[in-house]
Amino acid sequence: MRFDGRVRHDQQDRTGDPLTGLLDQVRRSLRDLDDGMPASYIPELSRVDPDLFGISLCALDGQVYGSGDTTAPFTVQSVSKPFVFALALADRGLEEVLTRVGAEPSGEAFNSIRLEPGTGRPPNPMVNAGAIVTTSLVTGDTPEARFDRILDGLGAFAGRSLTVDEAVYASERATGDRNRALAYLMHNAGSLTGDVEEQLGVYFRQCSVLVTCDDLAVMHATLAAGGVNPVTGTRVVAPRHAQHVLAVMATCGMYDASGQWMLQVGMPAKSGVSGAIGVALPGQFGIGVFSPPLEEKGNSVRGIAACHLLSDQFGLHLMRASVPERRPLPPRSLHPAPLRSLRHRPRDQRAALDAHPDRIRVHVLQGDLDFATAEQTLRAARELAPSVGWFALDLTRVGRIEPVAADLLRALGENLRGRGVRMVLADPDQRQAMARTADEFPDLGRALETCEDALLVDLGLDPDAPVPLAECDLFGRADPHLRDALTDAFDTLRLAEGETVEPPARQLRERIVLWYVESGRLAVCADTAKPVPALRTWSAGPGAALTPADFPARITRRVLAERDSVCRTLTASGLMRLRARVPEAVAFLERAPLEGAETVDRPDAG
């Protein structure tokens with residue numbers, strides 16, 4: 001079956017961890033790809049189950065994600081070459097290593113016999129000839145000591161102790177005549193020193209070290225992190241050595257297919273004849289893929305296809321233009337207690353929200369949103385308390401959203417929905433980063449309003465139920481005679497959905513003493529030039545009111561009816577008439593606090 005380059009997006013994949021779900025989609029889309037055969041020139045490798053297929057990804061915070069056969073052991077083979085090159089650089093330095101092995105793409109197969117004329121140097125450390133030389137450059141007084149240094153080094157990259165498959169080692173040694181011929185040619189040319197058979201023994205044993213997909217992901221994440229293992233926190237090699245290794249992997253890691261690989265996939269990588277491919281994206285993550293069937297150049301068929309998909313789907317090409325709009329900053333997860341939407345609510349609703357601050361969680365993202373930041377957001381979502389019912393992501397301070405991050409956010413939203421948590425997104429640029437457009441809002445205020453309304457409904461309160469003026473928090477303490485007199489003094493203002501009232505703020509302060517919402521929903525917008533949805537400075541539902549002290553801060557431009565609304569307003573002239581007819585009502589109004597309104601300096605979101 002030929003691979004058609006498409007990923008099947010089925011929602012069942014997203015019922016688990018979102019990033020694992022995306023890896024599952026890639027793996028499942030390739031499970032029927034049956035081209036290629038396991039390596040046969042090493043007899044032990046030909047006996048491996050060709051159906052094994054695993055993909056692992058290690059983020060730079062040490063979290064490992066996987067799909068398929070990620071813990072099945074296999075021999076590392078040529079994927080060991082970058083890491084042994086790193087050890088040789090650490091032991092000898094770049095200048096000395098380059099006197100013995102080059103750093104140029106060969107354009108030939110991994111077992112090419114071509115050496116540099118005059119020096120006998122192999123072209124680079126990624127072909128067999130170059131790897132045999134770099135293995136010989138690792139320090140150690142004996143072959144055993146040198147291999148112990150290599151095994152410990154590979155284990156440090158993987159973050160655990162590794163072992164050798166002795167059967168594969170014996171098979172390699174028995175069938176390694178071409179490598180043996182390469183070694184003797186280089187020994188004759190002077191680029192390989194010491195006993196040839198001893199050097200080959202270390203190299204064959206190095207290729208026979210057992211690893212898993214998870215190990216490869218961690219090892220390449222260590223390179224991507226500048227030489228620090230993200231799982232153990234241990235520095236394995238210096239940043240400059242990790243940088244040099246990644247540069248050579250980018251140009252030489254896929255042998256005579258390296259140019260095409262860099263053109264289409266665009267990430268430093270190394271393949272091995274066991275069916276393994278390791279990938280490192282600097283500053284982002286490491287990937288390990290394992291599938292034994294190989295194509296004609298000795299690279300895993302499914303492994304190549306998986307890396308193509310990951311690069312295309314997630315936009316991971318190293319050369320893709322990405323000018324940071326804002327420097328990435330760590331995301332912040334905020335307790336909702338200090339945050340509230342822009343909505344003015346009556347006293348009973350405020351009390352209900354204050355009593356359940358743990359039900360809504362706000363997560364603020366900053367800078368350009370890339371894989372690392374999105375992965376940290378997944379981690380934060382996994383750690384949500386069981387009581388959380390709404391997870392609000394604020395993208396107000398986010399510049400560019402990388403494709404991989406957008407995919408992960410969409411997957412996270414579906415995953416949380418399956419857990420009974422609704423994820424909402426606040427994005428003023430409205431970049432459609434969610435699978436459901438109903439979950440996206442132009443600002444955090446609107447997003448939080450939706451969460452708060454849903455919470456109130458859960459608590460048995462209807463946030464949209466009309467609250468007549470006579471039943472508001474303020475008038476509820478007046479006797480019936482005063483309440484009737486106060487209610488009669490208010491004018492009625494009816495607004496249709498989308499209708500606006502745009503009196504200057506000075507006139508509002510002079511003419512209106514109280515503004516009260518009986519039903520519907522109003523918003524005060526800061527900019528009349530912007531189309532709806534415009535930037536809001538205040539929002540109000542039934543039972544909310546404003547006093548004269550609020551007008552300068554809240555009502556500055558236009559009042560917009562977001563739904564059909566009924567408002568009651570007390571003007572200065574109405575107040576004068578009330579003072580003449582029922583002076584005690586005015587005295588009550590002046591003494592009583594307006595409990596239906598919230599203070600202006602409350603820390604709103606928006």
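Among all heavy-atom pairs drawn from Leu60 and Ala225, the shortest one is CD2-CB, 4.0 Å. Nearest heavy-atom pair, Glu172 versus Cys207, reported as atom, atom and distance to 0.1 Å: OE2-CB, 3.8 Å. Between Pro230 and Val218 the shortest heavy-atom distance is CD-O, 4.3 Å.
Screening residues 134-157 for salt bridge (charged side-chain N to carboxylate O under 4.0 Å, His left out), with sequence neighbours left out, gives Asp91-Arg149. Annotation: ring-ring contact (aromatic ring centres under 6.0 Å, His included) contacts involving residues 138-162, sequence neighbours excluded, comprise Phe83-Phe157. Pairs passing the salt bridge (charged side-chain N to carboxylate O under 4.0 Å, His left out) check and including a residue from residues 213-227, sequence neighbours excluded, read Arg160-Asp215. Sorted by first and then second residue, the pairs that involve residues 182-192 and meet side-chain hydrogen bond (donor to acceptor under 3.5 Å, both in side chains), not counting sequence neighbours, are Tyr184-Glu197.
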message: One pair to check against salt bridge (Lys or Arg N to Asp or Glu O under 4.0 Å): Arg302 and Asp35. What are the steps and the verdict?
response: CA-CA 8 Å; Arg302 291 195 193 108; Asp35 294 350; over 6 Å; no
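Side-chain contact of Ser136 with Gln199: a donor-acceptor pair under 3.5 Å is absent, judged by distance alone. In this model, no donor atom of one side chain and acceptor atom of the other lie less than 3.5 Å apart for Glu44 and Tyr169. For the residue pair Ser67 / Asp24, a side-chain donor-acceptor distance below 3.5 Å is found, with atom types taken as modelled.
Asp69 meets the side-chain contact (heavy atoms from CB on, under 4.5 Å) test with Leu52, Ala72; sequence neighbours excluded. Every residue meeting the side-chain contact (heavy atoms from CB on, under 4.5 Å) condition with Pro50, not counting sequence neighbours, appears here in chain and number order: Pro38, Pro293.
Checked by atom type and distance alone, the side chain of Ser171 never pairs as donor or acceptor with a backbone atom of Ala167 at under 3.5 Å. When atom types are taken as modelled, the side chain of His244 and the backbone of Arg240 share a donor-acceptor pair closer than 3.5 angstrom.
Of the charged side-chain nitrogens involved, none lies within less than 4.0 Å of a carboxylate oxygen, so that Arg31 and Asp51 do not count as a salt-bridged pair.
Residues Phe53 and Phe290 place their aromatic rings such that the two centres sit no closer than 6.0 Å.
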